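Since the structure comes first, as structure tokens, the remarks are kept for the end.
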Amino acid sequence: MDLSDKGREEAREGGAVLRAEGYNFDVAYTSVLKRAIRTLWTILDGMDLMWIPVHRSWRLNERHYGALQGLNKAETAAKFGEQQVKSGGGAMMFRRPNSRPTTNAIPAATLATGPSASRNCPSPNV
């Protein structure tokens, strides 16, 4: 999913503010999501930093909620039981059920082992 017009404008404004305040960066990190990449490009363009290295990693993607993905609170209670769903500031407060990652959540190439599997991913400390 790409950025909305409002998202593009906010990214332009963000880049302008960062530049006006004197911020400067040597390197940038982003997820592999299209809207995150587009936001970074727009900010870097506004800061005249399109030349800096950019590292992309699925590890920076939004959180994957396993079997809970896409369920609202009522659907979760129906599927996993009322006792498992506790209200705490509007959030569901229980350990999410285990599920195998999908190829949309974690690229298959990163599931392999060995040096070639991680060559395009930044340090796990990112």
Side-chain angles (χ1 to χ4, degrees):
M1 176 177 282
D2 206 347
L3 283 175
S4 65
D5 290 340
K6 181 179 179 185
R8 287 176 194 254
E9 181 57 31
E10 288 174 348
R12 277 191 290 277
E13 289 172 7
V17 168
L18 288 168
R19 185 173 186 170
E21 294 293 322
Y23 285 86
N24 198 17
F25 302 99
D26 300 319
V27 65
Y29 295 87
T30 186
S31 75
V32 296
L33 300 175
K34 186 175 185 177
R35 66 183 171 273
I37 295 167
R38 178 92 59 205
T39 299
L40 178 62
W41 285 351
T42 304
I43 291 169
L44 292 178
D45 189 35
M47 296 179 72
D48 196 25
L49 291 176
M50 294 292 290
W51 56 269
I52 68 171
V54 174
H55 300 277
R56 294 171 189 86
S57 174
W58 62 267
R59 290 175 179 93
L60 296 174
N61 285 8
E62 295 165 353
R63 185 175 208 171
H64 188 275
Y65 286 92
L68 300 177
Q69 193 78 18
L71 299 179
N72 64 31
K73 194 179 244 184
E75 293 166 333
T76 303
K79 187 170 183 175
F80 298 104
E82 287 288 336
Q83 295 295 339
Q84 292 292 328
V85 179
K86 299 176 183 174
S87 182
M92 292 179 280
M93 305 298 289
F94 66 95
R95 187 179 183 110
R96 65 181 186 250
N98 290 334
S99 69
R100 292 185 54 96
T102 64
T103 56
N104 291 335
I106 302 172
T110 63
L111 297 176
T113 58
S116 64
S118 61
R119 72 174 176 257
N120 293 323
C121 294
S123 161
N125 298 326
V126 173

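Computation of the quantities below employed the complete heavy-atom set of this structure, encompassing side-chain atoms and omitting hydrogens, waters and symmetry-equivalent molecules. Predicted, not measured: the structure shown is a model, and the values here were computed from it.
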Quiz item: If you look at every heavy atom in M47 and G15, which pair is closest and at what distance?
Solution: CG-O, 3.4 Å
Quiz item: Does a side-chain heavy-atom distance below 4.5 Å link R19 with D48?
Solution: yes
Quiz prompt | Approximate separation, where rounding is to 0.5 Å, of M50 CE and T42 OG1 | solution = 8.0 Å
Self-check item: Stepwise side chain to side chain contact (heavy atoms under 4.5 Å, CB included) check, I52 with V27
Solution: CA-CA 6 Å; I52 68 171; V27 65; 5.6 Å; no
Quiz item: In chain order, what residues pass the side chain to side chain contact (heavy atoms under 4.5 Å, CB included) check against T30, with sequence neighbours excluded?
Solution: A36, I37, L40, V54, R56
Quiz item: How long is the span from the CZ atom in R8 to the CZ atom in R35, to the nearest 0.5 Å?
Solution: 13.0 Å
Self-check item: Atom CZ of F25: over 12 foreign heavy atoms under 6.0 Å
Solution: yes
Quiz item: Is W51 reachable from I43 through a run of I, L, V, M, F, W or Y residues, each pair having side-chain heavy atoms under 4.5 Å apart?
Solution: yes
Quiz item: Salt bridge or not for E9 and R12, using N-O below 4.0 Å?
Solution: yes
Quiz item: Who are the side chain to side chain contact (heavy atoms under 4.5 Å, CB included) partners of K34, not counting sequence neighbours?
Solution: D2, R38
